[in-house]
Amino acid sequence: MALRSLILGLLSFILLFHLLVSSTTTMALRVGVVLRKPLEPALPVFREAPAFRNGDQCGTGESDQIHIAMTLDTNYLRGTMAAVLSLLQHSTCPENLSFHFLSLPHFETELFTSIKSTFPYLSFKIYQFDPNLVRSRISKSIRQALDQPLNYARIYLSDILPSNVDRIIYLDSDLVVVDDIEKLWHVEMEEKVVAAPEYCHANFTNYFTDTFWSDPELAKVLEGRHPCYFNTGVMVVDVEKWRKGGYTQRVEEWMAVQKQKRIYHLGSLPPFLLIFAGDIKAVTHRWNQHGLGGDNFEGKCRTLHPGPISLLHWSGKGKPWLRLDSRKPCIVDHLWAPYDLYRSSRHSLEE
């Protein structure tokens, strides 16, 4: 008898609880209460980097600042942290480095906290990049990562940066710098809008489709130039000239052509080539040892090109942190590992 009463009491409690939950949910919907979604996964946790201080010869004025722009993507944050550490470690005047980070709106607070806790002395600012600026303009490319809105944020630097910033070094997140970035900062632009290493041995025609080359009106944009490939992951940009020349709109115009006619396959790079190839300030190749991530499909291992190196760039599909974690690293990935600040990583500067 007692057992029966206990069971009946338990069933009554369950029924009452169900009624209360249903009633509360119904009431919430009636008054317009939005039930919260589960929280997004937490960002990776990083070790605090050492403090890097200026040498005695470093200036302290605004003209001594070196402005660097990078994107903050939660999927590439580990790479960004390594890149920042490498820049600071090899800089003669690390306190003169001023970072301008572009991120999507959702994670701004968390990203600020992550950077501040990892680099307490870093001079930086985070700018929100509105993905709607490019979402309708993006055409599907050969790799999904190339289609993300943040991959196009570099086009809008002149609109986002403060008006007093008239020159910027734009860097991708999958690289490390092993030289003083001040050397690249002081490159003589010779009235050009963009400075970057260019590669004239690459087959330029491969970056565009037959539709482009078979249309005389499109192809004539390259007339009078000797176009060469350059990688937009490492660029010095004269922001003032970019603004005056309306280059953001010019890139958008080529993106509109791409939407209609499919004239290239590679995301945000080809419009830059159409506008600037053959008309940039060429910088020594040491400032972009690119392609270390392999090709855009398989990401197989590649070796270093001969010659001096100031910057190592894992452009391509394979990223060093992913290959190291999978215990299938390429030899070149061990050159990235000492800059990895990921707290769970065994490959650290401290080792």
Practice task
Name the orientation class of the two ring planes belonging to F101 and F99 (parallel below 30°, tilted from 30 to 60°, perpendicular beyond 60°).
Solution key: parallel
Problem - N/O donor-acceptor pair under 3.5 Å between S117 side chain and T113 backbone - result: yes
Problem - Main-chain N/O of L311 paired with R286 side-chain donor or acceptor, under 3.5 Å - result: no
Problem - Residue among R327, R323, K328 satisfying salt bridge (Lys or Arg N to Asp or Glu O under 4.0 Å) with D333 - result: R323
Handout entry: Trace of the side-chain contact (heavy atoms from CB on, under 4.5 Å) decision for W213 with F208
Key = CA-CA 7 Å; W213 293 113; F208 301 94; 3.6 Å; yes
Problem - Enclosure of N203 CG (heavy-atom neighbours >12, cutoff 6.0 Å) - result: yes
Practice task
May I ask you to test the W287-V236 pair for a side-chain heavy-atom distance under 4.5 Å?
Solution key: no
Problem - I309 and V178: CA distance, side-chain angles, deciding distance, side-chain contact (heavy atoms from CB on, under 4.5 Å) verdict - result: CA-CA 7 Å; I309 298 171; V178 292; 4.3 Å; yes
Problem - Stepwise side-chain contact (heavy atoms from CB on, under 4.5 Å) check, C200 with E198 - result: CA-CA 6 Å; C200 295; E198 65 176 2; 4.1 Å; yes
Practice task
Quick one: closest heavy-atom pair of L85 and Y339, and the distance?
Solution key: CD2-O, 3.5 Å
Problem - salt_bridge(K241, E191) N-O dist < 4.0 Å - result: yes
Handout entry: Heavy-atom pair of closest approach, residues S173 and M70
Key = CA-CE, 4.0 Å
Problem - Inter-residue atom distance I263.CD1 - M255.CE, 0.5 Å rounding - result: 11.0 Å
Practice task
Answer yes or no: does atom CD of E62 have more than 12 heavy-atom neighbours from other residues, nucleotides or ligands under 6.0 Å?
Solution key: no
Handout entry: Distance-minimising heavy-atom pair for L111 and S103
Key = CD1-CB, 3.7 Å
Practice task
Starting at CD of E240, measure out to CZ of R167 and round the result to the nearest 0.5 Å.
Solution key: 11.5 Å
Fill in the blank from the handout: Smallest heavy-atom separation, L102 atom then L150 atom, equals O-CD2, 3.7 Å
Handout entry: Verdict with reasoning, H265 to Y207, per side-chain contact (heavy atoms from CB on, under 4.5 Å)
Key = CA-CA 7 Å; H265 299 298; Y207 294 95; over 6 Å; no
Problem - Under 3.5 Å side-chain donor-acceptor pair for T209 and R262 - result: no
Problem - Pairwise distance CZ(F124) to CG(L72) - rounded to 0.5 angstrom - result: 8.5 Å
Fill in the blank from the handout: To the nearest 0.5 Å, atom CZ of F119 lies from atom CG of L87 at 9.5 Å
Practice task
Flag the pair K192 and D238 as a salt bridge only when some basic side-chain nitrogen lies within less than 4.0 angstrom of an acidic carboxylate oxygen.
Solution key: no
Practice task
First locate atom CG of L175, then atom CG of N288, and finally report the distance between them rounded to the nearest 0.5 Å.
Solution key: 7.5 Å
Handout entry: Heavy-atom check, side chain of Q148 versus side chain of P131, under 4.5 Å
Key = no
Handout entry: Flag, side chain of K319 to backbone of G316, donor-acceptor distance under 3.5 Å
Key = yes
Handout entry: Where L222 and L274 come nearest, the two heavy atoms and their spacing
Key = CD2-O, 4.2 Å
Handout entry: Quiz item: cation-pi between R53 and Y121, 6.0 Å / 45°
Key = yes
Practice task
Decide yes or no for Q128 and E108: does some side-chain heavy atom of the first lie under 4.5 Å from some side-chain heavy atom of the second?
Solution key: yes
Handout entry: Side-chain touch Y156/E252, heavy atoms, less than 4.5 angstrom
Key = yes
Problem - Polar side chain donor-acceptor pair, R78 to N75, under 3.5 angstrom - result: no
Practice task
Classify the angle between the aromatic ring planes of W321 and Y76 as parallel (below 30°), tilted (30 to 60°) or perpendicular (above 60°).
Solution key: perpendicular
Exercise for the section: Using the rule that two of Ile, Leu, Val, Met, Phe, Trp, Tyr join whenever any of their side-chain heavy atoms come within less than 4.5 Å, decide whether V45 and L43 are in one cluster. Expected result: no
Problem - Side-chain donor/acceptor of R250 to backbone N/O of G246, under 3.5 Å - result: no
Problem - Given S310, S91, S86, the one that forms side-chain hydrogen bond (donor to acceptor under 3.5 Å, both in side chains) with D179 - result: S310
Exercise for the section: Look at the aromatic rings of H100 and Y127 and report parallel, tilted or perpendicular, splitting at 30° and 60°. Expected result: parallel
Practice task
Answer yes if the side chains of W242 and T248 hold a donor-acceptor pair under 3.5 Å, and no otherwise.
Solution key: yes
Handout entry: E190 atom CD: more than 12 heavy-atom contacts under 6.0 Å
Key = yes
Handout entry: Residue pair P44 / L77: nearest heavy atoms and the distance that separates them
Key = CD-CD2, 4.3 Å
Exercise for the section: Give a yes or no on whether K259 atom NZ has more than 12 heavy-atom contacts from other residues, nucleotides or ligands under 6.0 Å away. Expected result: yes
Exercise for the section: Assign the ring pair H290 / Y199 to parallel, tilted or perpendicular, where the plane angle (0 to 90°) is split at 30° and 60°. Expected result: tilted
Practice task
Give a yes or no answer on whether the side chain of E182 reaches the backbone of C93 with a donor-acceptor pair at less than 3.5 Å.
Solution key: no
Problem - P329 vs H334 side-chain heavy atoms within contact, under 4.5 Å - result: yes
Exercise for the section: Using a strict cut-off of less than 4.0 Å between a Lys/Arg side-chain nitrogen and an Asp/Glu carboxylate oxygen, indicate whether R243 and D166 qualify as a salt bridge. Expected result: no
Practice task
Measure the CD1-CD1 distance between I169 and I66 for me, rounded to the nearest 0.5 Å.
Solution key: 6.5 Å
Problem - Under-4.0 Å salt bridge between D215 and K261 - result: yes
Problem - P94 vs N54 side-chain heavy atoms within contact, under 4.5 Å - result: yes
Problem - Side chain proximity check, S123 to E95, heavy atoms < 4.5 angstrom - result: no
Exercise for the section: Taking R154 for its side chain and A69 for its backbone only, find out whether a donor-acceptor pair lies under 3.5 Å. Expected result: no
Handout entry: Sub-4.5 Å side-chain heavy-atom contact between H313 and L171
Key = no
Exercise for the section: Look only at the side chain of R225 and the backbone of A277, and say whether a donor-acceptor pair between them is shorter than 3.5 Å. Expected result: yes
Handout entry: Donor-acceptor pair, side chain of D172 and main chain of D174, under 3.5 angstrom
Key = no
